[in-house]
Each structure stands twice: as C-alpha cells, then as structure tokens.
Amino acid sequence: MKPFAGADHAIRIEVLDDAEAVGRRACDLVCETLSAPSSVLGLATGGTVEPLYAALITRHRAGGVSFAHASSFNLDEYVGLSPDHPASYRATMRRLLFDHVDIDAARTFLPHGAAADLDAEATAYEAAIRAAGGIDLQLLGIGSNGHIGFNEPGSPLASRTRVVALTEETRTANSRFFGPGETVPTEAITMGIATILEARRILMLATGTAKAEAIAAALHGPVGDACPASALQLHGAVTVLADRAAAARLG
Ligand code: GLP
C-alpha cells in the first residue's frame, strides 16, 4: 500500500433505507447546489446515480428545480465510442438527464472519447473545468474495486484527466450497459484523483451489497492507491449517501 499523506477523515455519512431513498436525498442536495445563481455540477454515470437523475427530472417537471444556470462536467467517457453510441456516457447522460431538463446542452461537458488526440483532449478538459470556475459539487459512484471515475486501483493521488486502461473487473461489471456481442472498451478518459479532489464539495452514492466492502475500505481503510476512493478522506467536504446494504460493513 502506497500511502497518501495527511488523511483527516472529514466525511459525513448518511445511511438510508434503499437506493430510491439515496436518490431522493441526493436530489435534495443537488437541488441546493442548483439554487445558487450559477453552479457547476460534476456528474457521474452508472446504475447507482440513475434514481437521482430520475428524481431530478421529476422535481424539474414539478417546477421545483431549474438547470438553466448550470454547467456540468462528467467524470469520464469510454475511449473509442462516438457520442451517439448508445453506451457512450454522452448518450447515457442525454437519455437519463440532459434531454429531460432545461440544461443548456452547450454547457454539458464530457471528455470526447473518440478524439484523435486524446492527450490534447484531456488537457483541454482540465482547462474547461478551470475556465468554468471549478466544480461546485462532484457526484461520485464507486466501483466494487474502489474506483472513482475510471481511476482504477494504482491511480496516483496526483493524477489528472488522462487515458487509463480498464480492469477486467470493471469491464465485466459494465458489460450490462452494452448490447449482446458488443465489446466493452478497454480504455477510458477520466478526470484524475487530483481533479476530483479540487471540487468544492463531493457527494458519493453507494447502493447494494456489492459496494459494501469498497465503501468500508474507502471510508475506514488506509488512504492509499490500492483503494482510489480512500482519497476522499483527504478532502474535507464529502458527504456519502449509502443504503443499508452498502453500509453493512461500516460498523
Ligand atoms: C463506472 C463509472 C463510475 C461509477 C462506477 C460504478 O465504471 N465510471 O463513475 O461510479 O462504474 O457504477 P455502478 O453505479 O453502475 O455500480
């Protein structure tokens, strides 16, 4: 285990009944951020955040929240998938959120996984986040191996937006989002751990027993690159919403 220096464990943990309750509570917290005159959201994909996006759409339709003054930056995108590939995170975000709320599509950013020069794309993505004034609230899920974004175990604390190789565990877990016979990409472009830690606030969601071990390692284990989510212990303004199943090992 390579330690990260200076862990201070300033993490607020809320345990809720189930995934729907996690989604509703997360919706309240995201709406607080959206109530500012302008806001920059850091968005995530994955099954865990789907109840949150459904709750945000319901709230928006009821007149309870507007995205008109928001910008968004997603954590990551698969390398090699064009934005109109149904499993791309761009298409996923359109389907789950963007097409159903009043966010300005021109201010929704994801890395371009099909860019010709991916290193230049990564640098430009970091610059775009900075130009927007940084991220106010970064949403995160967690992989069963402790990954955040697509920062797999071994990702350095100082990592920034870059191309990464996906582990077999992650590719297998995410194969459910691809059609039969389709291959899950082997690489992705992801915000780095240092990029994520620059967000002013972080909201991590975890649901289901498959996440129990990863959440326990992230919140109570040693801070180190074996569990990328353990880097959250260094941040100071993190809220974790977990359902009972995911919180089972928190003790
Ligand atoms: C993906 C995403 C992560 C996400 C994780 C968990 O690999 N890149 O941002 O947190 O998987 O996904 P799920 O919520 O589907 O379990």
Polar side-chain atom of His235 near backbone of Ile196 as donor-acceptor pair, under 3.5 Å: no
Keeping Ser230 on the side-chain end and Cys227 on the backbone end, is there a donor-acceptor pair under 3.5 Å? yes
Any luck finding a side-chain donor-acceptor pair between Thr239 and Glu14 under 3.5 Å? no
Shared hydrophobic cluster for Leu43 and Tyr78 (ILVMFWY, side-chain gaps under 4.5 Å): yes
Should Asp18 and Arg244 count as an ion pair when the cut-off is N to O under 4.0 Å? no
Candidate pair Leu140 and Leu232, rule side chain to side chain contact (heavy atoms under 4.5 Å, CB included), full reasoning: CA-CA 11 Å; Leu140 294 177; Leu232 299 187; 3.9 Å; yes
CA sep, side-chain torsions, deciding dist, call: Leu29, Glu32, side chain to side chain contact (heavy atoms under 4.5 Å, CB included): CA-CA 5 Å; Leu29 297 176; Glu32 273 176 25; 4.1 Å; yes
Output for pair (Arg25 CZ, Leu16 CG), nearest 0.5 Å, gives 7.5 Å
Glu121 side-chain N/O to Ala115 backbone N/O, donor-acceptor pair under 3.5 Å: no
Lys211 vs Thr48, test: side chain to side chain contact (heavy atoms under 4.5 Å, CB included). Steps then yes/no. CA-CA 10 Å; Lys211 303 297 172 63; Thr48 310; 3.7 Å; yes
Using the rule given for salt bridge (Lys or Arg N to Asp or Glu O under 4.0 Å), can you reason through Glu198 versus Arg160, listing the C-alpha separation, both sets of side-chain angles and the distance that settles it, and then say yes or no? CA-CA 10 Å; Glu198 280 172 3; Arg160 307 212 64 99; 2.8 Å; yes
Do you know the tightest heavy-atom contact between Met204 and Gly141? CE-O, 3.5 Å
Using atom types as modelled and distance alone, determine if a side-chain donor or acceptor of Arg107 lies under 3.5 Å from a backbone N or O of Val40. no
What are the two closest non-hydrogen atoms of Ser88 and Ser82, and how far apart are they? CB-O, 3.4 Å
Other residues, nucleotides and ligands only: do more than 12 of their heavy atoms fall within 6.0 Å of CZ on Arg200? yes
Can you name the nearest heavy-atom pair linking Gln138 to Ala199, along with the distance? CB-CB, 3.6 Å
Please find the pair of heavy atoms, one from Gly146 and one from Ala214, that lie closest to each other, and give the distance. N-CB, 4.0 Å
Hey, what do you get for CG (Leu250) to NE2 (His220), rounding to the nearest 0.5 Å? 4.5 Å
Determine the interplanar angle of the Phe178 and His85 rings, folded into 0 to 90°, and report it as parallel if under 30°, tilted if 30 to 60°, perpendicular if over 60°. tilted
Do Leu52 and Leu241 land in one hydrophobic cluster if side-chain heavy atoms of ILVMFWY residues count as linked below 4.5 Å? yes
Asn151 side, atom CG; Thr190 side, atom OG1 - distance, nearest 0.5 Å: 4.5 Å
Under 4.5 Å between side-chain heavy atoms, counting indirect links through other Ile/Leu/Val/Met/Phe/Trp/Tyr residues: same cluster for Leu203 and Val22 or not? yes
same_hphob_cluster(Leu110, Phe177) at 4.5 Å side-chain heavy-atom cutoff: yes
Strictly by modelled atom types, are Thr108 and Arg90 linked by a side-chain donor-acceptor pair under 3.5 Å? yes
Within 6.0 Å of NE2 in His69, more than 12 heavy atoms from elsewhere: no
Residue pair Asp102 / Ser66, side-chain donor-acceptor N/O under 3.5 Å: yes
What's the spacing between Ile142 CD1 and His147 NE2 if we round to 0.5 Å? 8.5 Å
Any sub-3.5 Å donor-acceptor pair from Arg95's side-chain atoms to Pro86's backbone N or O? yes
Find the distance between OG1 (Thr33) and CG (Asp28) and round it off to the nearest 0.5 Å. 11.5 Å
For the student: nearest non-hydrogen atoms of Ala44 and Leu75, plus distance: CB-CD1, 3.7 Å
Backbone N or O of Pro185 within a donor-acceptor pair of the Arg171 side chain at under 3.5 Å? yes
Under the ring pair (Phe, Tyr, Trp, His ring centres under 6.0 Å) rule, collect the residues that match up with Phe73, sequence neighbours excluded. Phe109, Tyr125
Is the backbone N or O of Tyr89 less than 3.5 Å from a side-chain atom of Glu77, with the two atoms forming a donor-acceptor pair by type? yes
Grab the two heavy atoms, one from Thr45 and one from Met93, that are nearest each other, plus how far apart they are. CG2-SD, 3.7 Å
Report yes or no: do Ile103 and Val30 belong to one cluster of Ile/Leu/Val/Met/Phe/Trp/Tyr joined by side chain heavy-atom distances under 4.5 Å? yes
Taking the side chain as everything from C-beta on, heavy atoms only, tell me whether Pro228 gets closer than 4.5 Å to Ile193. yes
Would you say Ser72's side chain and Leu41's backbone share a donor-acceptor pair under 3.5 angstrom? no
I'd like to know if the side chain of Ser159 and the backbone of Gly192 have a donor-acceptor N/O pair within less than 3.5 Å. no
Working to the nearest 0.5 Å, report the span between CD1 of Ile189 and CG of Asn74. 12.5 Å
Test side chain to side chain contact (heavy atoms under 4.5 Å, CB included) on Leu157 and Leu197; report intermediate values, then the result. CA-CA 9 Å; Leu157 173 61; Leu197 291 184; 3.5 Å; yes
Asp76 side chain to Met191 backbone, donor-acceptor under 3.5 Å: no
